[in-house]
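Here the structure is a predicted model, which is why all the values come from computation and not from measurement.
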Amino acid sequence: MKSSQRINKLIEILKDHPTIHITTLQKNTNTPISTLRRDLMILEQQHLIKREAGKIILLKQENIEYAWLYRENKNTLLKDKLCKTASNLIQNNNAIFIDSSTTCTKLATYLNNFSNLKIITNNLIVASQLQNHMNFSVFISVGLIKPYSQSVLDNEAIRFIHQFKTKYAFVSCSTIDLSGLYMADLLQAQVKREAIKQSEKTVALIDSSKFKNNQDFIKLCDLSDIDILITDKKITDTKFINFCKVHNIQIINS
């Protein structure tokens, strides 16, 4: 089993049993104790758990960004659908920004038929996947790599992105409501905010599970700051729909 799959399984068990003894956790996962301890160390470094006298305790999760290992395998089919739909907006010769969300990074797999794209990103996975494409110019932001995030995040990254003007900024978020788009990580929000400022149009790829009253306290942008919203289910909230109409926000269902 891959590390990401083991991490996912651990978190799901801990959601059902917020306090559990390590021996019980080992039996439930059927994982060698040395491997389990390495996985728990990753979760502890991400401040998702604490270890205390042989017990594993799940910490309260409001406003904490989950590690990439956990997020990358959540709602995978939905993310693919959103990115496939988003790729229909792109044309040859476009300059685009792709953020470091596990949603938008899947957009890289739908770019092979385009030519002469200029791609700006702060995500290591996107840059790695596209670096050998002869028809693309790939720019990755400089700065500090945040552990377990696959992201370059600091003031240097923001200054780097400021140098570019793009046709589209493809972004995602943790939650969305009428008041705006929200994140659980300040640095992620700051980098995306700069990309939004530097783009002609902002495209938000947001699956239906993220439509809820604000559960994250860091505001990425106002709802009116996006131009296109791509989601997987028809929106039924009339206030939300009317707001989008007034502010010329195009809603696309994948």
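With a 4.5 Å cut-off on side-chain heavy atoms, L107 and S87 count as touching. Side-chain contact check for D227 versus V203: every heavy-atom pair is 4.5 Å or farther apart. Looking at heavy atoms from C-beta onward, K167 lies out of side-chain contact with Q91 at the 4.5 angstrom threshold. Looking only at side-chain heavy atoms (C-beta outward), L130 and T121 stay at 4.5 Å or farther from each other. Side chains of I22 and I33 form a contact here, defined as non-hydrogen atoms less than 4.5 Å apart. Looking at heavy atoms from C-beta onward, Q131 lies out of side-chain contact with V138 at the 4.5 angstrom threshold. Taking 4.5 Å as the limit, every side-chain heavy atom of F160 sits out of range of all side-chain heavy atoms of I140. Using a 4.5 Å cut-off on side-chain heavy atoms (C-beta onward), L10 and T31 make no contact.
Considering all non-hydrogen atoms of both residues, L220 and A189 come closest at CD1-O, 3.5 Å. Nearest heavy atoms, E194 versus H162: OE2-ND1, 2.8 Å. Smallest separation of non-hydrogen atoms from M183 and Q188: CE-CB, 3.8 Å.
When the shell of 6.0 Å around CG of N92 is examined, it contains more than 12 heavy atoms from other residues, nucleotides or ligands. Other residues, nucleotides and ligands place no more than 12 heavy atoms under 6.0 Å from the NZ atom of K201. For CZ of R51, the number of neighbouring non-hydrogen atoms (other residues, nucleotides, ligands) closer than 6.0 Å is greater than 12.
For the atom pair K106 NZ and K81 NZ, the distance stands at 14.5 Å (nearest 0.5 Å). Atom CG of N28 is separated from atom NE2 of H17 by 6.5 Å, given to the nearest 0.5 angstrom. Interatomic distance, NZ of K210 versus SG of C173, reported as 6.0 Å (0.5 Å rounding). In this structure, CG in L40 is found 10.5 Å from OG1 in T35, a value given to the nearest 0.5 Å. Atom-to-atom distance recorded for K192:NZ and C104:SG is 6.5 Å, nearest 0.5 angstrom. Expressed to the nearest 0.5 Å, how far CG of L124 lies from OG of S151 amounts to 7.0 Å.
Checked against L187 for a side chain to side chain contact (heavy atoms under 4.5 Å, CB included), the options N122, I218, L153, N155 give a single hit: L153.
Residues passing the side-chain hydrogen bond (donor to acceptor under 3.5 Å, both in side chains) test with H21 are T23, sequence neighbours excluded. Residues satisfying the side-chain contact (heavy atoms from CB on, under 4.5 Å) criterion with S199, sequence neighbours excluded, are T166, A169, T202. In this view, R159 and E156 satisfy the salt bridge (Lys or Arg N to Asp or Glu O under 4.0 Å) rule, not counting sequence neighbours. Applying the side-chain hydrogen bond (donor to acceptor under 3.5 Å, both in side chains) rule to N135 yields no partners; only residues at least two apart in sequence or on another chain are considered.
Each ring-ring contact (aromatic ring centres under 6.0 Å, His included) pair with one or both residues in residues 124-146, not counting sequence neighbours, appears once here: H133-F136, F139-F164.
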- [ ] Walk me through it: do F114 and I96 pass the test side-chain contact (heavy atoms from CB on, under 4.5 Å)?
- [x] CA-CA 12 Å; F114 295 99; I96 63 174; over 6 Å; no

Task: side-chain contact (heavy atoms from CB on, under 4.5 Å) between N123 and D99, worked out - done: CA-CA 7 Å; N123 182 261; D99 79 4; over 6 Å; no

TODO: Could you walk me through whether I98 and L111 pass the side-chain contact (heavy atoms from CB on, under 4.5 Å) test, one step at a time?
DONE: CA-CA 12 Å; I98 301 176; L111 300 181; 4.2 Å; yes

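L205 and Y110 are assigned to two separate hydrophobic clusters, defined by single-linkage of ILVMFWY side chains at heavy-atom distances under 4.5 Å. I226 and I230 end up in different hydrophobic clusters when Ile, Leu, Val, Met, Phe, Trp and Tyr side chains are linked at under 4.5 Å. Using a 4.5 Å cut-off between side-chain heavy atoms of Ile, Leu, Val, Met, Phe, Trp and Tyr, with links allowed through other members, I13 and I57 fall into different hydrophobic clusters. Linking ILVMFWY residues whenever their side-chain heavy atoms come closer than 4.5 Å, directly or via other members, places I235 and I206 in the same cluster. I161 and V126 sit in two unconnected hydrophobic clusters of ILVMFWY residues. Membership requires side-chain heavy atoms under 4.5 Å apart, directly or through other members.
Side-chain atoms of K55 never come within 3.5 Å of backbone atoms of T19 as a donor-acceptor pair (strictly under, hydrogens ignored). A donor-acceptor distance shorter than 3.5 angstrom exists from the side chain of T29 to the backbone of L25, with no hydrogens or angles considered.
With 3.5 Å as the limit, one finds no donor-acceptor pair spanning the side chains of S101 and S172. S208 and D232 share a side-chain donor-acceptor pair at under 3.5 Å. With hydrogens and angles left out, the side-chain atoms of D207 and S209 include a donor and acceptor closer than 3.5 Å. In this structure, a donor-acceptor pair under 3.5 Å is absent between the side chains of Q129 and T109. For the residue pair D177/S179, the side-chain donor-acceptor check at 3.5 Å is satisfied.
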Can you give the donor-acceptor pairs under 3.5 Å from side chains of residues 240-254 to other protein atoms, not counting sequence neighbours?
| residue | atom | partner | partner atom | Å |
| --- | --- | --- | --- | --- |
| N242 | ND2 | T238 | O | 3.1 |
| N253 | ND2 | K233 | O | 2.8 |
| S254 | OG | T231 | O | 3.4 |

